[in-house]
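In what follows, a single structure is set out as structure tokens and then discussed.
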Amino acid sequence: MAPTAAAAFLFLSPPRSRSHLHSKPRPRPRPTATAASSLSDQLEPLSRTLLHDKPTPTADRPTPEPTWVNPSRPKPTVLSLRRHRRRSPSAHPSSAPLQPLLRAIRALPDDADLADTLHAFFPAGSPPSPSDALLLLNYLHPSWPKSLSLLAWLRALPDGAFPLDTIFFNVALKSLRAARQWPHAERLALDMLRAGIPLDNITYSTLITAARRCRQFTKAIEWFERMYAADGVLPDEVTYSAVLDVYAQLGMKEEVLALFDRARGSGWKPDHVAFAVLAKMFGEAGDYEGIRFVFDEMREVGIKPNIFVYNALLEALGKTGKPGLARNLFQEMTAQGVEPNARTLTALAKIYGRARWGRDALQLWEQMREMKLPADNILCNTLLSMCADVGLVDEAEQLFNEMKDPDCRDVPEPDKWSYTAMINIYGSNGDTDRALQLFAEMLEGGIEPNIMSYTIVIQCLGKAQRIQQAVEVLEAGLEKGLKPDDRLCGCLLSVVALSSGEETEMVLSSLEKVNRNLVKLIRMLGEDQVDFDDLTKELKGVLNAAAPEVRRPYCNCLIDICQNHGFPPQRAREVFQLAQTYGLYSKIHSRKDEEWSLDLRSLSVGAAKTAFDDWMRTISERLVQHKDLPVSFSVYTGSSTHKFAQGLTSAFAAHLEQLAVPFRPSESHVGSFISSRDDLVSWLQISSSSVAIAG
């Protein structure tokens with residue numbers, strides 16, 4: 001968005017430096033990788049240790065040129081450091097005389113015209129006093145139509161019997177904000193402008209926060225800029241924090257930082273809301289250095305995090321992949337006497353689940369039990385998903401049974417996401433019967449399964465070779481109006497790869513009902529006479545129509561199908577190479593001067609075998625061409641330490657043994673295989689005509 005006059009004022013005013021001399025903009029903290037990685041070992045509170053070392057600007061982020069400031073002119077401020085004065089409770093008059101009128105108004109429907117009722121209570125020539133009018137508006141706050149009706153009646157009184165001030169419009173605007181009625185709020189503000197009624201900071205603050213609540217972020221910025229450009233009104237701290245959140249919601253990180261710096265240069269001490277906004281913004285962007293900047297600023301202004309800031313920081317650290325720092329921050333939080341809430345525990349459970357920290361997950365579980373911490377559906381479902389990630393079956397069953405127990409009031413009743421999480425646990429653990437039993441219980445209890453429930457059950461049945469039951473579950477879902485998504489189609493592809501004979505045709509018949517092009521592509525892969533260009537065109541069409549996150553799983557399954565169903569031997573390699581061309585396997589290769597590596601952790605068993613064979617072919621070609629090779633080679637298949645791991649490491653080890661390739665398990669890294677250049681070159685020379693490299 002092009003900057004307006006207000007934006008120009010904000011962004012061209014001299015930036016603040018740490019010494020407050022305004023000689024140059026303050027560079028953002030950008031620590032080196034070494035400094036960042038060593039922070040996980042710090043034992044002191046993060047708020048004191050996270051930014052111990054101040055980095056120098058890096059080459060890719062040079063220090064901006066100094067900005068000259070006229071020392072004879074004071075630096076313009078961008079916000080008022082005083083909160084707008086509110087009426088104290090003692091200044092409010094008694095409502096006793098108005099009670100009959102209030103009872104009469106409450107008895108009317110929300111959309112009723114209040115004119116007749118008000119005229120009966122305030123006859124002609126006896127308008128309400130300003131204090132009575134304010135009291136009425138405040139009491140009508142829960143009903144925005146009545147607030148507008150009262151305001152309209154006051155404005156319509158003859159001969160200016162009741163001169164309306166800004167404060168009356170502000171009260172009505174707050175009622176509209178609470179009801180999230182943005183169009184009415186903006187219309188009322190425009191009416192104020194047309195009537196020549198000045199808009200003060202409270203007016204603008206209410207409008208901006210109303211637009212933010214209604215997710216009308218562009219409108220919020222428009223009204224914020226008008227404060228400076230049209231009326232010259234300076235926002236207070238509450239308004240400024242709200243505007244920072246608006247810019248952050250729009251992903252305008254540089255604008256947020258510029259506004260923050262200008263306000264800090266004006267002497268602003270940011271509040272908890274502002275720091276929570278910054279933490280959330282940096283977390284969404286995966287900017288770890290930005291999170292460090294938040295800690296630095298909090299320490300500089302001497303503010304301690306509250307529960308909202310801690311939650312925002314925990315969520316941000318989780319999104320930036322820093323589980324150790326998140327754990328330390330949680331420990332600091334409890335040590336400071338800040339009691340965690342459901343959102344805190346939800347964020348921590350997600351972090352531990354993603355990192356698969358079983359021990360820490362158990363400790364969190366026990367801590368929740370001991371402290372009897374609050375739990376809602378989101379937290380309980382997150383805990384169940386965490387149990388699935390780290391393999392805590394017994395703990396998940398205990399929580400789920402408590403949720404189903406009507407006498408247990410500490411946890412909510414299970415919903416469809418709770419059942420889906422438990423089905424996922426049983427399915428991943430290979431307990432197909434229990435997963436099916438829970439799925440049936442879900443249906444009998446009137447809880448409609450979501451598409452994820454169907455996907456997990458079908459995948460579970462496919463892995464158990466119960467193909468017909470998997471098809472029956474899908475057909476039953478289609479009859480109930482289930483609309484399969486790309487993930488479910490990928491699940492059906494994996495079932496095709498695991499099936500054989502008539503069962504394969506059964507699955508393809510069901511898959512054809514939801515994705516005809518996928519079935520067409522599979523049949524083309526099985527035919528020898530299909531031209532490579534035609535195959536390329538069809539695969540490209542299928543991948544373009546699919547969501548980005550399922551494209552690589554699609555190719556994994558297609559390669560598995562080619563290998564498991566005896567398709568022409570070149571087909572698996574063709575699919576793999578096309579997927580490489582489209583960038584789906586671009587990160588599996590790594591080449592350094594001393595070592596080449598192949599990362600197979602995101603591949604299926606069939607795709608991993610195909611990728612390895614293609615890698616060996618590439619190395620063989622370089623050997624024939626007398627090109628340099630590194631001294632060592634390594635392959636990563638993952639540690640498979642997770643209880644529910646599917647065994648890529650063991651399957652790949654069997655493939656290496658079958659080919660007699662001189663790769664051996666690494667003693668220092670579980671799930672890694674290594675080979676030297678001499679051993680591999682010797683094997684390639686001997687096996688140059690084998691199927692491993694024949695193509």
Side-chain angles (χ1 to χ4, degrees), residues 346 349-350 352-353 356 358 361-362 365 368-369 375-485 487-492 494-495 498-499 507 510 642-646:
T346 299
K350 287 181 179 179
Y352 289 164
R356 296 190 173 173
L362 280 173
W365 180 275
M368 288 182 59
R369 297 280 179 185
D376 57 13
N377 276 104
I378 296 177
L379 173 57
C380 289
N381 294 341
T382 302
L383 288 171
L384 290 174
S385 298
M386 178 192 71
C387 290
D389 289 332
V390 299
L392 301 176
V393 180
D394 294 339
E395 289 77 5
E397 287 180 334
Q398 181 183 356
L399 174 58
F400 189 68
N401 290 333
E402 289 179 3
M403 295 174 72
K404 293 197 297 181
D405 186 355
D407 296 329
C408 186
R409 301 182 181 274
D410 295 333
V411 292
E413 293 182 1
D415 57 14
K416 60 183 177 181
W417 297 106
S418 313
Y419 276 93
T420 301
M422 284 304 301
I423 291 171
N424 184 32
I425 289 174
Y426 290 128
S428 300
N429 201 28
D431 194 345
T432 309
D433 292 332
R434 189 71 184 94
L436 274 178
Q437 180 184 344
L438 209 56
F439 187 72
E441 179 183 312
M442 200 175 173
L443 295 172
E444 293 170 2
I447 301 176
E448 187 63 30
N450 55 28
I451 194 166
M452 185 60 67
S453 306
Y454 280 99
T455 301
I456 294 171
V457 169
I458 291 171
Q459 187 175 41
C460 176
L461 291 167
K463 290 178 180 178
Q465 298 294 316
R466 294 160 67 167
I467 307 300
Q468 184 172 350
Q469 282 183 284
V471 173
E472 290 172 354
V473 169
L474 174 63
E475 293 292 341
L478 294 176
E479 290 178 4
K480 292 183 178 181
L482 176 70
K483 296 182 179 179
D485 60 2
R487 291 182 184 274
L488 180 53
C489 291
C491 171
L492 292 172
S494 69
V495 175
L498 295 168
S499 63
V507 181
S510 294
H642 177 34
K643 183 177 179 179
F644 298 156
Q646 299 301 318

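Only this structure's heavy atoms are used, side chains among them; waters, hydrogens and symmetry mates stay out. Residues take their numbers from the sequence shown, with the count starting at 1.
Scanning all heavy atoms of the two residues, the minimum distance from P414 to I447 falls at O-CD1, 4.0 Å. Closest approach of R487 and T455 over heavy atoms only: O-CG2, 4.2 Å. Minimum heavy-atom separation, D485 to L488: OD1-N, 2.9 Å. Nearest approach of S510 to L474, heavy atoms of both residues: CB-CD2, 3.6 Å. Nearest heavy atoms, I425 versus A396: CD1-CB, 3.3 Å.
For I378, the CD1 atom sits in a loose shell: 12 or fewer heavy atoms of surrounding residues, nucleotides or ligands are nearer than 6.0 Å. Surrounding CZ of R434 are more than 12 heavy atoms belonging to other residues, nucleotides or ligands, all under 6.0 Å away. Atom CD of Q468 has 12 or fewer heavy atoms from other residues, nucleotides or ligands within 6.0 Å.
In this structure, V507 and V471 have side chains that are in contact, with non-hydrogen atoms separated by less than 4.5 Å. Inter-residue side-chain proximity for P484 and L478 is flagged as met; some heavy-atom pair is nearer than 4.5 Å.
Atom CD of residue Q459 and atom CD1 of residue I423 lie 13.0 Å apart, to the nearest 0.5 angstrom. The distance from atom CG of L498 to atom CD of Q465, rounded to the nearest 0.5 Å, is 5.5 Å. Note that NZ of K483 is 10.5 Å distant from CD1 of I451, once rounded to the nearest 0.5 Å. Within the model, atoms CD of Q437 and OG1 of T432 stand 12.5 Å from one another, a figure rounded to the nearest 0.5 Å. If you take CG on L383 and SG on C387, they are separated by 6.5 Å, rounding to the nearest 0.5 Å. Note that NZ of K416 is 12.0 Å distant from CE of M452, once rounded to the nearest 0.5 Å.
The backbone N or O of N377 sits less than 3.5 Å from a side-chain atom of N381, completing a donor-acceptor pair. Distance alone, capped at 3.5 Å, is enough to place a donor-acceptor pair between the N401 side chain and the E397 backbone.
For residues 419-432, the set of pairs meeting the salt bridge (charged side-chain N to carboxylate O under 4.0 Å, His left out) definition, not counting sequence neighbours, is empty. Under the ring-ring contact (aromatic ring centres under 6.0 Å, His included) criterion, no residue pair touches residues 465-485, with sequence neighbours excluded. Evaluation of the ring-ring contact (aromatic ring centres under 6.0 Å, His included) test over residues 410-431, restricted to residues two or more places apart or in two chains, returns F400-Y419. Among residue pairs with one or both ends in residues 455-482, none qualify as ring-ring contact (aromatic ring centres under 6.0 Å, His included); sequence neighbours excluded. Residue pairs that meet the ring-ring contact (aromatic ring centres under 6.0 Å, His included) test with at least one member in residues 435-464, sequence neighbours left out, are F439-Y454.
Considering only residues two or more places apart in sequence or on other chains, T420 meets the side-chain hydrogen bond (donor to acceptor under 3.5 Å, both in side chains) condition with N450, S453. Listed by chain and residue number, nothing satisfies the salt bridge (Lys or Arg N to Asp or Glu O under 4.0 Å) test with E448 (two or more places apart in sequence, or in another chain). Qualifying side chain to side chain contact (heavy atoms under 4.5 Å, CB included) partners for C380, counting only residues two or more places apart in sequence or in other chains: A375, L399, M403, V411, P412. Considering only residues two or more places apart in sequence or on other chains, K404 meets the salt bridge (Lys or Arg N to Asp or Glu O under 4.0 Å) condition with E441. Listed by chain and number, the residues in a side chain to side chain contact (heavy atoms under 4.5 Å, CB included) with A470 are I458, L461 (sequence neighbours excluded). E475 meets the salt bridge (Lys or Arg N to Asp or Glu O under 4.0 Å) test with K513; sequence neighbours excluded. Applying the salt bridge (Lys or Arg N to Asp or Glu O under 4.0 Å) rule to R466 yields the partners D433; only residues at least two apart in sequence or on another chain are considered.
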Chi angles and distances behind the side chain to side chain contact (heavy atoms under 4.5 Å, CB included) call for L443, K480: CA-CA 12 Å; L443 295 172; K480 292 183 178 181; 3.5 Å; yes
